[in-house]
Amino acid sequence: VLKGADLLAASPQLLSAYEVVPADVDCWEWRHQLDDGKWHRLPDYVAGVLEGSFRSGESFAHVRVCELFYLVADFDNFTATVATHEMYRGLHSRLPLDEFDTRGPSWRLTRFLRGQPSVEPDRRTPKVMEQGRRKDAEEVRRLEGADKLHVHTLAGKLVLSMAKSDAAEMYVRDLIEDLSAKLGVPSQQIRLLNGVQPLEIREPLQPLLASQVAPLELSAVVDTSRALSTKEAETEFDEPIPEDVPGDGPRWEGLMRKAAEKLRNRFR
């Protein structure tokens, strides 16, 4: 399953074939160029720390890798180096950059969207990507008949028209995800209204469809000020990420222990 997911995420052709929405595509990878001249993938935890700090607008980030040794990343120049600090303040403590003692030369970092490798770092954030993706909704042809479901924007543009029978087994969340792909907007920022009544994302559409003899007319509201939280989208159908998936931790720690030993011998 994991290999298949990685293959799908790395292939633009497969992404297109399986209609992956834009929100699923924005996954950046971090790599560093070592002495052999090759670009190596950073461990998931290290890459996650760097990505979080970069998105927060920080100019640098540090990750404790072994004892008092840290990997320090410079986002202005996209380089990394090994440095030491005289004390350990805990896993999530932020240390001032001028308190680190550099213990060797720096090496290059890069960051790129998965499936689009580049030695030139991609400095875009999800917010910038989202703004670039937004597009005007294309108006669709209205299907005639009482057994139809229609969704309009607040401006009155018809963005979805379908038979009620096709939506009978759908939930509100399913409809929102379809609209997310059409509008180029994250699903968490879309709300459906029946008149002035907001619909809950966990609500099945069948009772609503059955209660209307006439066509069901819904409105889609886009609120770009809403934070992109995943909690609101959770339902009983969501699968939690298993905690026992093997990662790069032990291998990374082994490499860092060897590097720390070499550095200790070098600076004695």
Side-chain angles (χ1 to χ4, degrees), residues 2 5-6 9-10 26-129 227-228 230 241-268:
L2 295 176
D6 285 340
D26 292 347
C27 181
W28 279 271
E29 289 190 11
W30 288 78
R31 298 195 184 182
H32 55 164
Q33 188 179 36
L34 301 183
D35 291 342
D36 59 5
K38 297 180 180 179
W39 290 92
H40 297 263
R41 182 172 176 267
L42 283 167
D44 292 341
Y45 172 70
V46 176
V49 173
L50 300 190
E51 181 68 21
S53 298
F54 181 81
R55 292 189 187 189
S56 298
E58 304 288 349
S59 61
F60 77 98
H62 57 75
V63 186
R64 181 174 174 267
V65 291
C66 184
E67 299 176 355
L68 300 181
F69 288 87
Y70 291 78
L71 182 147
V72 180
D74 175 1
F75 296 143
D76 291 333
N77 299 303
F78 258 81
T79 58
T81 189
V82 172
T84 57
H85 196 275
E86 61 184 7
M87 65 174 58
Y88 173 51
R89 298 188 185 176
L91 189 61
H92 301 293
S93 299
R94 179 156 179 82
L95 304 170
L97 185 59
D98 57 6
E99 291 185 6
F100 286 96
D101 185 10
T102 301
R103 292 295 185 175
S106 61
W107 62 92
R108 296 173 66 191
L109 290 172
T110 191
R111 172 183 181 265
F112 56 82
L113 280 173
R114 180 171 292 174
Q116 302 177 30
S118 172
V119 297
E120 185 65 29
D122 183 352
R123 297 175 181 266
R124 295 173 296 178
T125 62
K127 184 177 181 180
V128 171
M129 296 290 291
L228 299 181
T230 58
I241 298 174
E243 296 181 0
D244 58 350
V245 174
D248 298 321
R251 179 175 176 272
W252 172 260
E253 291 170 2
L255 291 173
M256 287 300 102
R257 278 194 294 270
K258 291 180 181 178
E261 184 63 30
K262 289 182 179 179
L263 287 168
R264 276 195 295 269
N265 294 335
R266 179 179 177 183
F267 291 100
R268 278 174 180 169

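Quick caveat: nothing in here was measured; it's all calculated off a predicted structure. We count residues from 1, following the sequence as given.
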Problem set entry | L50 side, atom CG; E58 side, atom CD - distance, nearest 0.5 Å | 12.0 Å
Seminar exercise, completed: Minimal heavy-atom distance between S118 and T110, with the atoms involved, is O-OG1, 2.7 Å
For this session: Working to the nearest 0.5 Å, report the span between OG1 of T125 and CD of E51.
Result: 9.5 Å
Problem set entry | side-chain hydrogen bond (donor to acceptor under 3.5 Å, both in side chains) partners for D36, two or more places apart | H40
Exercise. Under 4.5 Å between any side-chain heavy atoms of R55 and W28, yes or no?
Worked result: yes
Problem set entry | side chain to side chain contact (heavy atoms under 4.5 Å, CB included) assessment of F78 paired with V119 | CA-CA 11 Å; F78 258 81; V119 297; over 6 Å; no
For this session: Specify the closest pair of heavy atoms between H62 and V49, including all atoms of both residues, with the distance to one decimal.
Result: O-CG1, 4.0 Å
Problem set entry | Spatial distance of atom CG (L42) from atom CD (E29) [nearest 0.5 Å] | 10.5 Å
Seminar exercise, completed: Closest non-hydrogen atoms of L71 and A80, given as atom of the first, atom of the second and distance, are CD2-CB, 4.2 Å
Seminar exercise, completed: One should read off an interatomic distance between S59 OG and D74 CG, to the nearest 0.5 angstrom, of 7.5 Å
Exercise. Just how far is it from atom CH2 of W30 to atom CG of D122, taken to the nearest 0.5 Å?
Worked result: 10.0 Å
Exercise. Between F54 and F75, what is the ring plane arrangement, given parallel below 30°, perpendicular above 60°, and tilted in between?
Worked result: perpendicular
For this session: Can you see which heavy atom on R124 is nearest to which on R111, and at what distance?
Result: O-NH1, 2.8 Å
Seminar exercise, completed: Heavy-atom closest pair (W107 atom, H32 atom, distance to 0.1 Å) is NE1-ND1, 3.2 Å
Exercise. Atom OH in Y70, atom CZ in R64: separation rounded to 0.5 Å?
Worked result: 6.0 Å
